[in-house]
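Lettering follows sequence order; numbering is per chain, from 1. These numbers come from a predicted model, not from an experiment. Every heavy atom of this structure was used, including side-chain atoms; hydrogens, water molecules and symmetry mates were not.
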Amino acid sequence: DTEVTQTPKHLVMGMTNKKSLKCEQHMGHRAMYWYKQKAKKPPELMFVYSYEKLSINESVPSRFSPECPNSSLLNLHLHALQPEDSALYLCASSQGTSGAEETQYFGPGTRLLVL
Amino acid sequence: AQSVTQLGSHVSVSEGALVLLRCNYSSSVPPYLFWYVQYPNQGLQLLLKYTSAATLVKGINGFEAEFKKSETSFHLTKPSAHMSDAAEYFCAVSRSGNTGKLIFGQGTTLQVKP
């Protein structure tokens, strides 16, 4: 089973709202990722968690706040977003971050619209 | 620094024709290479991967890719296109340093005509 689940599928929020995206995997993977994808573009890496510790932050604005409560769960807390943050947010997981363990499996994404 | 170039942002084939999507990479170390497919309004699905075992890699849905070190290429092929193959395809290379980072190409949109 290579399933990564994400909720919600769609989210509309105002610029003053606080919301959270959730990602879950039950494959025993120890690395989890958040990506942002604009239309007709490749995914852009935002954060990497390895063994529940934040290992990479790609200079993402502080209005995006990741959280990894346990090895199966990854959240992305959103606050005071801008309209340009509207995008598809993808979660991925992998066994690890070295060698062949790097194979990443993606969830279906959350389509976010900021008004 | 590693990079990926996908030649052709848009490829159009007739149903039943050969599909060839091109990917060239640059890497200072032996790479791990991946092809992903993305259907409209969905996430990325792993088609196949090269991790230094066999140079001809078979994936799902009848796709395969051949790793050619001399040409630094990892082109994706399928002998006979199906309407359901219409999607966005991304080639990616894993970045050295065991960070888990993937470097993606810009993507190729495959259109399949009846």
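- Proximity to chain A is limited to the side chain of B:Gln38, based on heavy atoms less than 4.5 angstrom apart.
- Interface residue B:Leu44: backbone and side-chain heavy atoms are both found under 4.5 Å from chain A.
- Heavy-atom neighbours of chain B within the stretch residues 30-48 of chain A, taken at a separation under 4.5 angstrom, comprise A:Tyr33, A:Tyr35, A:Gln37, A:Lys40, A:Lys41, A:Pro42, A:Pro43, A:Leu45, A:Val48.
- If you tally non-hydrogen atom pairs under 4.5 Å between each of A:Ser50, A:Pro108, A:Gly109 and chain B, the highest count goes to A:Pro108.
- The number of heavy-atom neighbours closer than 6.0 Å to NE2 of A:His10, taken from other residues, nucleotides and ligands shown, is 12 or below.
- Looking at every heavy atom in both residues, B:His82 comes nearest to B:Val112 through O-CG2, 3.6 Å.
- Of all non-hydrogen atoms in B:Cys23 and B:His75, the two that sit nearest each other are N-ND1, 2.9 Å.
- Residues B:Leu56 and B:Phe74 are members of separate hydrophobic clusters, defined by side-chain heavy-atom contacts under 4.5 angstrom among Ile, Leu, Val, Met, Phe, Trp and Tyr.
- Judged as a disulfide bond (SG atoms under 2.5 Å apart), the pairs with a partner in residues 19-75 of chain A (not counting sequence neighbours) are, in order, A:Cys23-A:Cys91.
- Side chain to side chain, A:Gln25 and A:Ser72 fail the donor-acceptor criterion of an N or O pair below 3.5 Å.
- Using a 4.5 Å cut-off between heavy atoms, B:Gln106 touches chain A through backbone and side chain atoms alike.
- Aromatic ring centres of A:Phe106 and B:Phe90 lie farther apart than the 6.0 Å criterion allows.
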Original post:
A:His29 and A:Ser94: side chain to side chain donor-acceptor pair (under 3.5 Å), yes or no, with the steps?
Top reply: CA-CA 5 Å; A:His29 288 177; A:Ser94 63; 5.9 Å; no
